[in-house]
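Contents: one structure, followed by commentary.
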Amino acid sequence: MAIRLDIVNPAIARSRRWGMRVVLSVGVAVAASGCTTPYEGRYDFYEGWRKAEVKRIEPFDKLAPHQIPRCESAPTPRATVGTTWAIVRYRAGRRSREVAVPVTPSEDYRVGELVYVNVSECARQVQRRAAAS
């Protein structure tokens with residue numbers, strides 16, 4: 001015959017309830033934190049924003065053909081010989097990819113700088129990000 005210790009000792013029953021409350025609270029906290037947008041609240045992943053790092057700064061005429069967005073292959077105001085582009089690397093699943101993003105001369109991006117890049121369609125944009133994010 002088994003003796004139920006929680007009937008014999010009510011402290012055991014209280015400790016089990018307390019343990020379940022802790023586990024439940026931690027689970028709720030983890031689930032709630034997973035619902036927040038990780039990109040500083042401004043750059044939504046589902047709108048095409050990805051965390052990236054600047055790998056090179058190059059003029060348009062030195063870009064490899066695969067790095068030029070399809071919409072920029074024909075000369076446009078954004079894609080001319082005198083423009084400067086940042087080549088940034090971002091993660092896509094288990095692979096990393098590089099894309100070229102036009103930058104203005106007033107933007108002083110450096111190699112190794114952490115940025116957000118918008119990789120959706122032709123709306124390529126780049127924004128600085130905090131080092132800790």
Side-chain angles (χ1 to χ4, degrees):
M1 179 171 143
I3 299 174
R4 290 188 51 194
L5 294 176
D6 57 339
I7 294 173
V8 176
N9 189 348
I12 293 174
R14 279 193 300 271
S15 68
R16 285 185 182 164
R17 285 192 300 263
W18 183 83
M20 290 303 291
R21 288 181 186 146
V22 169
V23 169
L24 183 61
S25 299
V26 169
V28 168
V30 168
S33 68
C35 296
T36 60
T37 303
Y39 297 153
E40 297 179 1
R42 296 181 299 225
Y43 307 109
D44 188 7
F45 180 87
Y46 296 105
E47 291 177 2
W49 290 99
R50 304 292 184 268
K51 289 182 177 182
E53 180 182 354
V54 176
K55 290 300 182 181
R56 294 186 309 280
I57 305 292
E58 294 186 359
F60 178 75
D61 56 340
K62 299 286 184 186
L63 294 177
H66 71 276
Q67 292 174 328
I68 302 169
R70 287 187 303 264
C71 56
E72 299 290 346
S73 58
T76 65
R78 287 177 19 146
T80 58
V81 175
T83 58
T84 304
W85 290 59
I87 290 57
V88 298
R89 181 176 293 160
Y90 69 96
R91 302 261 327 146
R94 294 184 178 188
R95 298 176 54 182
S96 20
R97 297 189 178 181
E98 286 187 351
V99 295
V101 183
V103 293
T104 62
S106 63
E107 297 173 318
D108 185 26
Y109 288 103
R110 295 186 195 103
V111 173
E113 189 170 358
L114 301 177
V115 295
Y116 293 112
V117 63
N118 190 322
V119 296
S120 66
E121 301 173 14
C122 291
R124 300 272 164 86
Q125 301 171 356
V126 64
Q127 298 292 328
R128 285 185 169 85
R129 68 179 163 119
S133 63

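All values reported here derive from a predicted model rather than from experimental measurement. Nothing fancy with the numbering, it's 1 onward along the sequence.
In this structure, R50 is positioned above the aromatic face of F45, its NZ or CZ under 6.0 Å from the six-membered ring centre and within 45° of the axis.
The aromatic rings of W49 and Y116 stand perpendicular to each other, their planes meeting at an angle above 60°, with 30° marking the opposite boundary.
For the atom pair CD of E113 and CZ of R128, the computed distance is 4.5 Å after rounding to the nearest 0.5 Å.
For the side chain to side chain donor-acceptor pair (under 3.5 Å) test, residues two or more places apart in sequence or in another chain that qualify with R89 are E98. Every residue two or more places apart in sequence or in another chain was checked for a side chain to side chain donor-acceptor pair (under 3.5 Å) with E53, and none qualifies. Take R110 and apply the salt bridge (charged side-chain N to carboxylate O under 4.0 Å, His left out) test, not counting sequence neighbours, and it matches D108. With sequence neighbours left out, E58 forms a side chain to side chain donor-acceptor pair (under 3.5 Å) with R56.
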Start with the C-alpha gap between V101 and N118, add the side-chain angles, then the distance that decides, and say whether side chain to side chain contact (heavy atoms under 4.5 Å, CB included) holds. CA-CA 9 Å; V101 183; N118 190 322; over 6 Å; no
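A donor-acceptor pair is defined here as one N or O able to donate and one able to accept, closer than 3.5 Å; such a pair exists between the side chain of Y109 and the backbone of V126.
Closest approach of Y90 to A52, counting heavy atoms only: CB-CB, 3.9 Å. The minimum heavy-atom distance linking G48 with S120 is given by the pair CA-CB, 4.0 Å.
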